[in-house]
Amino acid sequence: MIKDDFKIIKRLYKDYTVKHLKKIIIAILFSILVAGSTSAIAYLLDPAIEKIFINQDPTLMYIIPFIIVIAFFTKGISLYLAKVIMIRVSQELKADVQKDMMKSLISTDTKFIDGIHTGKFISNLTLDVTLLVNLVSTALLNIFKDTLSLIGLMTVMFFQNWKLSLVAIIMIPLATVVARTLGKRITKATRETMDTSALFTKRLVEIFKNHRIIKSFQTEKFEHNRSSADIKNLKEKAIKMTEIFTRNTPIMETLTGIMIAALIFYSGTLIKNDELEINNFFSFLAAMMLAYQPVRSLAGLNISINQGISAAKRVLPIIDRDSEIKDKVGSPNLIVNKGTIEFKNVNFHYHSEDNKVALKSANILMEGGKMTALVGLSGAGKSTILNLIPRFYDRSDGDISIDGQSIYEFNLFSLRKNISLVSQDTTLFDDTVKNNIKYAKLDASEDEILESAKNSFAHEFIEKLPNKYETLIGENGVRLSGGEKQRISIARAMLKKSPIILLDEATSSLDSETESKIQTAIKDLTKDKTSVVIAHRLSTILNANKIFVVDSGKILEHGTHDELLSSSETYKNFYNKQLRRN
Ligand code: ADP
C-alpha cells in the first residue's frame, strides 16, 4: 500500500469511522465470539469422535452434541449481531459522507458545475460513496472477523497435529496468489463496468431532456441503435466482471481438492506411524475446511480495499473542494443605498487556460434606482455581465463596485442578499406553488406571498389551479406555461425586495394580454430599484435610463434609444433585425 493510500485511510478513520468507534468495538467483540465458536466447533470433533465413537462414553454422547449446538448458535447469533451493527454503522457513515458531499456541492463554484456532466457525475458519485463506505465498514469488520477466525482455527490445527498443519500452511499462499491475480482483474473490470454504466445513465438523462428534439429530427432509430450499443456494452462488461468474479470458484475448488487429497495421503502415513489419531485428523480437517472461508475472504479483501481507496480518491476531493469565490476573512457587510453599479476596466474569461475573452475592458455605469438595458447579439456577453454582479464568476481583472464599494471586499451573503435574479427560463422546484414563490424568503408570511403573487399577476392563474397555492408544480406536478413561470419568477423577486434586480428578459413571444401583464409586473418590480435588463423587447428598452450595446465582449456604445439610433450603426442594425419584430 502506498503512502497516499495510507493517508486516505487515516483521514477516513479520523473524519468518519472514529465517530462510530463504540459500535465498531462491539461488532469486533462479537467477531471474537464468531472466531471462538468457529474454532470450538472444529475442536469439538476431536473429543466427539474419541469419546463417543471410539470409547462410546454414554454421558458425553449427550453433552458433546449439546455443546456443538451451543457453539453453532453462538456463532450464528454473534455473526448476525456483528453484521447488523456494521450495517447500521455503514449506513450512518454513508449518510455522513453524502451530507458532506451535498454541502460542498451546494456551495461550489458555478464554474465547477459548468464543467461536469451531471448524469455521469451523479452516477459515479453514488457508486463511489457505496464503495468508500464498504471500505470503512465491511472491509474493516472482515479484517477482524476473518483474522481472528483464522488464528483460532490455526490454533486448533496446530494443537491437533503440527506436522499436518505445516503442510497445510505451505499450501495456503498458493490460493492467495490465485486470488490476488484475479483481484487485479476484478478491480479493472469493476472500473470499466462503472464507466459504462455512467455512460448509460448519461444517455438516459439525455433522452429525457432531448425527447422533443429526437422526435422532431426523427432520430428515434439512431437513438435506439445508440442506446442498444450502450446496453450491449454494459451487458458484456457485466458478464465479464461476474465471470472474473466467479472464475476463482473452479480454481479454488480444485486447489482445495488437491490440498485435501495431499493431506489425506500424508495423514495416512502419519497414522500408520502412530503419529496421528483418527479423532485428531477429523478435528484438524474440520478446522482446515472452516479456515477456507476466512482465507478466501482475506485474500479477496484487497479488492474491496483497492476499490474503496480509488472511490475515496474521487469522493474526497469533492468534499474538500475549496470554492474559488469566497469571502475574505472578516469582510464587512455591503451597504446598498442608491444601488449604483459600476464596472471599471473589467476583463473576464470563463477559463483561465483559454484566451477567449468574454468581456474586454468593460466600463459600465448603471445608475442607482434606474433601469439599465444591455442589448446585443446572442453570444455578445450580456449574460456574462449579469453573472459577474452577484459573483457567480469573478472578473479576471478590473473592479466592480456597488455604491463605490468594491464587491470583492465585502461578504458574499450581503452582496447576494441585495440582488434578485429573474432569469429567462425559470426553473421551478418540485414543490407547491406557494413554496416555489417562498423560495425567495423562506420565512415569508401568507400575506407577503399573496401580495407578491397579486402584483406579479400570478395570483389570477394560481387561483384557477386545482389546489390553488398548494398545487404541486415542477417535474411531478402541474405544468405551467412559459408566461406563468415568468410570473412566478417575478413574484419571487418581488418577495425578496432587494434593491438590485437582474433581469434576463424572456425571448419567447407571449400573447399580447400576458405580455402586457408581464410588462406591468416588471415595471412594478423595478420601480425605484437598480435594474439591469438583458432586453429583447422594445417596450423594455424604451423604459431604460441607459442602453449599453454589447458586441463580442466589448461595450461599443451607450445612450438612450434615440441617441443610439442616430449615433450607432450596430444599434440601428440590431433595432431593425430584432427589436422591431417584438
Ligand atoms: P449573451 O448573453 O450576450 O448571449 P453570453 O454572456 O452568454 O452571451 O456569452 C458570451 C461568451 O461567453 C460566448 O462566447 C459564450 O460562448 C461564452 N460563455 C458563456 N457562458 C460560458 C460558460 N459557462 N463557460 C464558458 N464560456 C461561456
Side-chain angles (χ1 to χ4, degrees), residues 105-121 209 321 323-325 341 343 345-364 366 371-398 400 407 416 419-427 482 486 489 500-509 522 531-538 540-541 544 546-559 561 564 568-579 581-582:
L105 281 177
I106 288 168
S107 56
T108 196
D109 294 323
T110 314
K111 201 166 149 186
F112 176 71
I113 302 282
D114 283 347
I116 56 172
H117 190 296
T118 332
K120 187 170 185 296
F121 185 76
K209 231 171 44 189
R321 250 195 76 80
S323 301
E324 282 172 28
I325 298 178
I341 306 170
F343 279 53
N345 288 320
V346 174
N347 286 307
F348 175 70
H349 35 78
Y350 279 95
H351 302 289
S352 44
E353 57 276 9
D354 69 18
N355 297 322
K356 198 171 157 262
V357 198
L359 212 57
K360 238 175 282 176
S361 315
N363 284 296
I364 315 172
M366 303 158 176
M371 181 183 279
T372 303
L374 303 173
V375 298
L377 299 175
S378 151
K382 305 177 298 290
S383 315
T384 305
I385 296 175
L386 235 56
N387 281 331
L388 292 179
I389 301 172
R391 293 186 66 191
F392 292 154
Y393 303 91
D394 270 357
R395 50 82 180 100
S396 310
D397 47 77
I400 301 174
I407 58 171
R416 292 183 183 156
I419 300 173
S420 292
L421 176 71
V422 182
S423 59
Q424 187 176 136
D425 31 29
T426 310
T427 320
Q486 282 173 34
S489 158
I500 297 168
I501 314 276
L502 306 179
L503 194 117
D504 187 357
E505 199 173 39
T507 41
S508 55
S509 45
I522 289 178
S531 55
V532 187
V533 189
I534 297 181
H536 298 294
R537 294 175 206 285
L538 188 59
T540 315
I541 287 181
K546 209 187 269 175
I547 304 158
F548 284 82
V549 183
V550 193
D551 185 40
S552 308
K554 277 185 287 207
I555 304 294
L556 286 190
E557 283 108 2
H558 59 84
H561 175 66
L564 287 171
S568 164
E569 271 308 306
T570 321
Y571 186 75
K572 220 183 315 183
N573 255 334
F574 177 77
Y575 171 71
N576 285 328
K577 281 197 190 128
Q578 312 234 332
L579 296 178
R581 280 189 284 134
N582 291 319

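Start at 1 and go down the list; that is how both ligands and their atoms are numbered. Note that the coordinates shown come from a computational prediction; the quantities given were computed from them, not determined experimentally.
- Contacts of F348 with ligand 1, taken as heavy-atom pairs under 4.0 Å, are absent altogether.
- Only one option out of V346, I364, I385, D394 pairs with I400 in a side chain to side chain contact (heavy atoms under 4.5 Å, CB included); it is V346.
- Residue-level proximity to ligand 1 for D114 is carried by the side chain, the only part with a heavy atom below 4.0 angstrom.
- The shell of residues lying under 4.0 angstrom from ligand 1, judged by heavy atoms, includes S378.
- Here's the thing with A380: one of its N/O atoms is less than 3.5 angstrom from an N/O atom of ligand 1.
- A donor-acceptor pair shorter than 3.5 Å can be found between the side chains of Y350 and T384.
- Within the 4.0 Å heavy-atom criterion, neither part of T110 lies near ligand 1.
- Here the shortest heavy-atom pairing between I541 and H561 reads CG2-ND1, 4.1 Å.
- Of all the heavy atoms of K111, none lies under 4.0 Å from any atom of ligand 1, so neither backbone nor side chain is involved.
- Atom 26 (N) of ligand 1 has Y350 CD1, 3.3 Å as its closest protein atom, hydrogens excluded (heavy atom only).
- Across the listed options G115, S552, G381, G381 owns the non-hydrogen atom lying nearest to atom 8 (O) of ligand 1.
- For D504, the heavy-atom gap to ligand 1 stays at 4.0 angstrom or more.
- With distances taken over non-hydrogen atoms, the option nearest atom 10 (C) of ligand 1 out of S383, G376, G379, G553 is G379.
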